[in-house]
Amino acid sequence: MPENWRDDLPAEHGGGKRGTLWERVFRSPAQRARLRDMSSFDENDAFEGASLAARAMAARPAPYLDDLNPAQREAVEALDGPVLMLAGAGTGKTKALTARIVHLLNTGRARSNEILSVTFTNKAAREMKNRVGAMLGQSIEGMPWLGTFHAICVKLLRRHAELVGLKSNFTILDRDDQIRLLKQLIAAEHIDEKRWPARQIAALIDGWKNRALTPEKLPAADAGAYNHRGGEIYRQYQTRLRELNAVDFGDLLLHMVVIFQTHPDVLEQYQRWFRYVLVDEYQDTNVAQYLWLRLLAGGHRNICCVGDDDQSIYGWRGAEVGNILRFEKDFPGAKVVRLEQNYRSTPHILAAASNVIRGNEGRLGKTLWTEAEEGEKLRLIGHWDGEEEARWIGEEIESLQGGTRGVRPMSLDEMAILVRASHQMRAFEDRFLTIGLPYRVIGGPRFYERLEIRDAMAYFRVVVSPDDDLAFERIVNTPKRGLGNVAQQKIQTTARAHGVPLVQGARMLLAKKGLGGKGATELAQLLNGIDRWGRMTGDADLTHMELAEIILDESGYTAMWQNDKTPEAPGRLENLKELVKALEQFENLQGFLEHVSLIMDNESDDGGAKVSIMTLHAAKGLEFPAVFLPGWEDGLFPSQRSMDETGLKGLEEERRLAYVGITRAEELCTISFAGNRRVFGQWQSQMPSRFIDELPEEHVEVLTPPGLYGGGYGAARPSAGIEARAAQADAYNSPGWRRMQARAREWGTSQPRESRTTVIDLDAVSSFTVGERVFHQKFGYGAVTAIEGDKVEVDFEKASTKKVVARFLTSPDDIPF
DNA sequence: GTGCCCTTAATTTTT
DNA sequence: TTAAGGGCAC
């Protein structure tokens, strides 16, 4: 594999090997093109890229420019030097970005393999490739350096792996592998995994890598995290990864940054090769990505970053809004172009979104405008509880299908429900199942993250590279082979003692009869299988799909699910079939694995119109004629946790999330909240989201909440416990209640005149002091011993010391007896 | 070694 | 409430 790497680079740097084998194996050009697009090493790209550029140049006139509005055109034509394209929601960002690539080719500034364009998701990369192809009027070949940060870093790192102590065929670990590895290290360090979960250190390490911190550079404060062992575990983890010849996702970037920083010659090469750099969704870059970009663009400064500071919603996973806010300082003399003409939403929707986002400090600032007709105002409605909200939205969706209230009839495909947290989806799914409304959930566990798929892939991994220890560990006792903890321990010990991979260790263990009975027989059989399947990879008479099936059948994996009687089993078998089908598009198992470790998405849909349900995060970049935004309640949205953990910063990110939500809507946007909601099985009263106050009234229509006037209002009320009664006293003084009242007066609409809604003032209950006496429904009385964000450690009188969420604690004084 | 029960905790998630 | 993971008993 590594010998192909030069082909992505300009001819003077190598290349030359033309794909003879390639052509022999794949007869149709279309098939070759598809494969090239998917596999990670692109033979011929340099060659085809150059010819594509040449052809593009021949077509001098630039009709794609005529399609652009003045701002877009300005951003497209400013080819040299740093450019920041501030692209508001729905302002034709991708169009401008693709036009810019085409323009670079068309003017002969760069050949297609000299342009580095990075995105965050594979989906975005795919779309860009397609659109560049469409604009050029030919297929998508020849943009070898258009891809995600991670995909591009894999390609680069494979070439320079030895500079960071890896071999170029390193494997990429996913989250599961990462956790498994860390658990081993934690156990070896005799750290109590219950008190210090592996997930926690994994999150810390991810965070450090996002900030481009190697173990050596880790500040003392960080190293002291995780019970003073964080830095040490991190160091061990990195060492272990090197031993395994593996990297995690964070490493892909981190290693490249380190290489660029410590090998100026390498960096210089790439600075010359990538004559133009383009970055999509710049507001989502983390420190490592930022450094990587700054290093690469450091010479010529031909960097164009596209983004929208108002849509930065990934701070919790390391994104730094600061990167985009600071752009002009980082690149003095940068040209900043604002795309403000919106082609998506009505004026009402834009006005509402703008007014909400105005509440944030330190924005770069944009004013979205549109030529669209006025359309419907946003609609706001309150409900008694979450179930009623789901019921109402279900009915509303059905009436929208037929056309209602002056809105044209809409297909279910044109409607979406966007929630803050995925647990909110349940109410809708339940409801829609009962009324038979077709829906699809977007996001959620991805195809390649499913248990059976990961197991199957672990089998493939072991077959392709028998020293993949993590994969071997995963499948050694799946299906059950009588190789439990003890047997696995023995294999580990033997392998460690001889410094060999587990598969070999297992062999040695068998050879010296270190394992008896059923386990020994089964293990021998498995090892034989791995051997045999491995040899079959070279068998010309066997397609890799057939091989995959053989592996899954002979290993007993398929049988395991066939014998499984749980309701999920048939679905899992179905998924396995799909997996084998997916293999078809690849040259061999190896190529497939390579691809899959980076590309974890799969959207299969059986057609038919459906309402989409997804989180606000998943909705970024999408648009729908009709959007429902349920659950606008303080604590849920904005999320209490977000505010507790990061304070104002968190609140502002939540506000951006609100902005993203509203701006997904093209024609109709409906916001709703519920007065009561079941949270962790307990009824809780909610107050309307503070973001509702930020909606400009002249653009909002308040719908009369029907449920609040019909009979059974009191009857439907869930039984109020002590907590609820305690809070009732304060209900009429709570900010939420006052807000509702004020609203109703102001807007002259009929908000509930009388409500038995019991509102707990969340601000009041979450502030405790050390030493304070508190009450917990389950554990009784206790004294606060420590406070950590929204978690409070309490020494309970009738139970041990526990960490509990502050929300579940009350001050004893509040409870009227 | 497997299976069941109990404890525990509970946003957002791409690569 | 529910889901997942760990510990314990068979």
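What you see below is based on every heavy atom in this structure, not just the backbone, and it leaves out hydrogens, waters and symmetry mates. Sequence lines set the chain letters: A, B, ... in the order given, protein chains first and strands last, and positions in each chain run from 1. These numbers were taken from a predicted model, which means no experiment stands behind them.
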Considering only heavy atoms, which members of residues 306-320 of chain A lie under 4.0 Å from some atom of DNA chain B?
-> A/Trp316, A/Arg317
Reckon A/Asn477 has a side-chain N or O less than 4.0 Å from the OP1 or OP2 of B/dT2?
-> yes
Output yes when A/Asp248 and A/Arg175 qualify as a salt bridge under the 4.0 Å nitrogen-oxygen rule, no when they do not.
-> no
Whole-Å distance, A/Gln640 CD to B/dT12 P, equals 16 Å
Under 4.0 Å: is that the gap between some side-chain N or O of A/Ser639 and OP1 or OP2 of B/dT12?
-> no
How many Å lie between CG on A/Leu636 and P on B/dT12, as a whole number?
-> 10 Å
Main-chain N/O of A/Arg420 paired to A/Gln424 side chain as donor or acceptor, under 3.5 Å | yes
Across the strands shown, which category fits A/Arg426 at heavy-atom distances under 4.0 angstrom: base, sugar-phosphate, nothing?
-> sugar-phosphate
Could you check how far NE2 of A/His150 sits from C1' of B/dT13, rounded to whole Å?
-> 12 Å
Using the aromatic ring of A/Phe680 (for Trp, its six-membered ring), decide whether it stacks on the base of B/dA10 within the limits of 5.5 Å and 30°.
-> yes
Rounded to whole angstroms, how far apart are CD on A/Glu653 and P on B/dT13?
-> 12 Å
Kindly point out which of B/dT11, B/dG1, B/dT15 is positioned nearest to the side chain of A/Thr121?
-> B/dT15
Short question: side chain of A/Asp385, backbone of A/Glu388 - any donor-acceptor pair under 3.5 Å?
-> yes
Which part of the nucleic acid, if any, lies within contact of A/Glu654, taking any heavy atom under 4.0 Å across all strands shown: a base, the sugar-phosphate backbone alone, or nothing?
-> base
Relative to the 5' end of DNA chain B, which residue comes earlier, A/His617 or A/Leu483, by the nucleotide with the nearest heavy atom?
-> A/Leu483
Can you tell me the distance, in whole Å, between the CG atom of A/Leu651 and the C1' atom of B/dT11?
-> 15 Å
Between A/Asn676 and A/Trp384, is there a donor-acceptor pair closer than 3.5 Å when you use the side chain of the first and the backbone of the second?
-> yes
Give the intermediate values and the outcome of side-chain hydrogen bond (donor to acceptor under 3.5 Å, both in side chains) for residues A/Glu633 and A/Ser689.
-> CA-CA 4 Å; A/Glu633 295 135 40; A/Ser689 170; over 6 Å; no
How is A/Lys518 classified with respect to the nucleic acid when contacts are heavy atoms under 4.0 Å: base, sugar-phosphate, or nothing?
-> nothing
Do A/Tyr314 and A/Trp316 have their ring centres less than 6.0 Å from each other?
-> yes
Closest to the side chain of A/Ala618, out of B/dA10, B/dT13, B/dG1, is B/dT13
Along DNA chain C, 5' to 3', what are the outermost nucleotides having an atom less than 4.0 Å from a heavy atom of chain A?
-> C/dT1 to C/dG6
Euclidean distance for P, C/dG5 against B/dT12 (whole angstrom) = 16 Å
With a 4.0 Å cut-off, would you call A/Arg656 and A/Glu653 a salt bridge?
-> yes
Starting at atom CE of A/Met425, determine the distance to atom P of B/dT12, rounded to an integer number of angstrom.
-> 8 Å
Just to confirm, is there a sub-4.0 Å distance from OP1 or OP2 of B/dT12 to any side-chain nitrogen or oxygen of A/Ser422?
-> yes
Looking only at atom types and distance, does a side-chain atom of A/Asp177 sit under 3.5 Å from a main-chain N or O of A/Leu470, one as donor and one as acceptor?
-> no
A/Arg199 CZ to B/dA9 C1', straight-line distance once rounded to whole Å = 13 Å
Indicate yes or no: does A/Asp308 engage A/Lys620 in a salt bridge with an N to O separation below 4.0 Å.
-> no
Take atom CD of A/Gln178 and atom P of B/dT13, then tell me their distance rounded to the nearest Å.
-> 18 Å
Carboxylate-amine/guanidinium proximity below 4.0 Å for A/Arg454 and A/Asp174 | yes
